[in-house]
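Contents: one structure, followed by commentary.
Only this structure's heavy atoms are used, side chains among them; waters, hydrogens and symmetry mates stay out. Note that the numbering runs from 1 along the sequence shown for the chain. Numbering of ligands and ligand atoms starts at 1, following listing order. None of the values given here were measured: they were computed from a predicted structure.
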Amino acid sequence: MNDVLFERAKAVIPGGVNSPVRAFRAVGGTPRFVQRAQGAYFWDADGKKYIDYIGSWGPMILGHGHPAVLEAVQKAALDGFSFGAPTEREVELAEAIIAAVPSLEMVRLVSSGTEAGMSALRLARGATGRSKIIKFEGCYHGHADALLVKAGSGLATFGNPTSAGVPPEVVAQTIVLEFNNVEQLEEAFKIHGPELACLMIEPIAGNMNFVRSSVPFMKRCRELCSQYGALLVFDEVMSGFRVALGSAQSIYAQLIPGFEPDMTVLGKVIGGGMPLAAFGGKRAVMEKLAPLGPVYQAGTLSGNPVATACGLATLKEISKPGFFETLGTRTQHLVTGLTQAAHAAGLPFCGDCQGGMFGFFLMEPLPQNYATVMTTDGPKFNAFFHAMLDAGVYFAPALYEAGFVSAAHTDADIDATVQAAAAHFAKA
Ligand code: HOZ
């Protein structure tokens, strides 16, 4: 049935998918068409059950169909799908986001991570009156033109890190540097510092698998942005409310006294699986946005009443005491289990995780930048991916994507996953 659906899809949708990584092109085979999902599992069009480690690429932190979220969404849907006018729920969600992330004084709600990143960039340029920006190789900030240079995720998967259709003049102001390279960073600021509107970074890069910014690197990013008046923009679409309630920035704040970014881009978890994202920062910057200021940004579905209900119910659940401790322990259990299973078979393997987000590499040691991530053995990963898929375990169908554990995953799910991996490693 998956094959039949894929053939039908290919006739009417480019590549048969509405987002390239879903197509299984990198790993080969037929994408699984999802029929329904519950908790930590989904069932494909053939009725086969999978343990889901994608969770819609991050949003489903509570697992699928959490009763409190379902109830909130059902109630909201009865009140109306979309009004194009403000609602109390948008205010509540903005308040909840700000309460959890101290660097945020104001946020604007939008519908997708791409929209949030693109709008944050325009605001950074409008607020500073500067044009140049720094981004890092392997970091993906959505598919807005200016940010689609040497990006990770689907672009890395298909070996084409800069998209066609992006005019050179549009990216002429985008400076791309190596992730975690302090020397290059300092050099770039020396040359371009006074012209830089912002430095945009995924603090924990989830679009080149899972690579953390080192603490010295992050510290220098902060210092140099402050010194030259550029805004430090954290893209936490993946890591936001996923690695900790206060997002990745709360982890760096524990390691670097007084640390905070100037602006933050959020998505995924804050919508709980509905199309919802946000960008925010200090009041002085955010008040440059229309209707208060000269930087234009708008959206018919922004702050959608059903999406905000879903996001609010999700944030309420993940704010409960101990939520991230339990989730973090379970994710660590998975990464440790997979690592031990590979090592027991004499294979190189390493992984890292934070909260409910993880990555693993069929190599050692842990990569620190995109170039090293790119040296991973693709065919080896593909064999692993398919063995796991056959065993009913759904990891991302691409080397360059992070994975996600939800609160619905049980220790038994993790053990079953590790056992399936061990069986594969023993034969590999
Ligand atoms: N850009 C997403 C992965 N980092 C893929 C989204 C999707 O295919 O749903």
Side-chain angles (χ1 to χ4, degrees), residues 2 5-6 9-10 13-27 29-34 37 42 44 50 52-61 64 110-118 135-145 147-163 179 200-211 235-243 248 265-277 307 354 356-360 370 373-374 376 381 385 394-406:
N2 291 302
L5 284 174
F6 196 35
K10 282 193 285 192
I13 302 171
V17 289
N18 285 310
S19 189
V21 182
R22 300 178 193 179
F24 274 34
R25 283 225 157 182
V27 292
T30 306
R32 299 309 188 252
F33 281 68
V34 179
F42 75 80
D44 74 5
Y50 298 85
D52 180 12
Y53 288 107
I54 297 188
S56 184
W57 303 92
M60 310 314 295
I61 192 165
H64 299 280
V110 294
S111 301
S112 76
T114 289
E115 199 186 344
M118 175 188 86
K135 81 170 282 289
F136 297 94
E137 274 173 20
C139 285
Y140 176 71
H141 303 294
H143 57 88
D145 284 356
L147 296 165
L148 217 47
V149 202
K150 295 203 178 169
S153 188
L155 291 102
T157 303
F158 302 118
N160 193 9
T162 305
S163 173
F179 199 72
M200 193 180 265
I201 186 165
E202 285 184 90
I204 298 177
N207 286 291
M208 50 171 155
N209 204 319
F210 184 106
V211 183
D235 181 340
E236 297 226 49
V237 170
M238 284 180 117
S239 58
F241 292 84
R242 180 36 100 169
V243 299
V265 182
L266 294 164
K268 301 201 189 261
V269 171
I270 61 164
M274 289 275 176
L276 195 147
Q354 188 75 48
M357 181 170 164
F358 67 89
F360 58 80
Y370 182 62
V373 171
M374 293 298 282
T376 317
F381 172 80
F385 170 79
Y394 194 68
F395 284 125
L399 262 176
Y400 307 103
E401 303 287 349
F404 302 95
V405 171
S406 77

When Phe42 is tested against each of Tyr53, Phe33, Tyr394 for ring-ring contact (aromatic ring centres under 6.0 Å, His included), which residue passes? Tyr394

When you compare ligand 1 with Arg22, is there at least one nitrogen or oxygen pair between them that comes in under 3.5 angstrom? yes

What's the verdict on side chain to side chain contact (heavy atoms under 4.5 Å, CB included) for Phe24 and Phe385, showing C-alpha distance, side-chain angles and the deciding distance? CA-CA 10 Å; Phe24 274 34; Phe385 170 79; 3.7 Å; yes

In ligand 1, which numbered atoms sit nearer than 4.0 Å to a non-hydrogen atom of Glu401? 3 (C), 4 (N)

Interatomic spacing from CE in Met208 to OH in Tyr370 - rounded to 0.5 Å: 9.0 Å

With backbone taken as N, CA, C and O and side chain as the heavy atoms from C-beta onward, which portion of Asn207 lies under 4.0 Å from ligand 1: side chain, backbone, both, or neither? side chain

Could an N or O of ligand 1 be found under 3.5 Å from any N or O of Lys268, whether backbone or side chain? no

Val17: what forms a side-chain contact (heavy atoms from CB on, under 4.5 Å) with it, not counting sequence neighbours? Arg22, Ala23

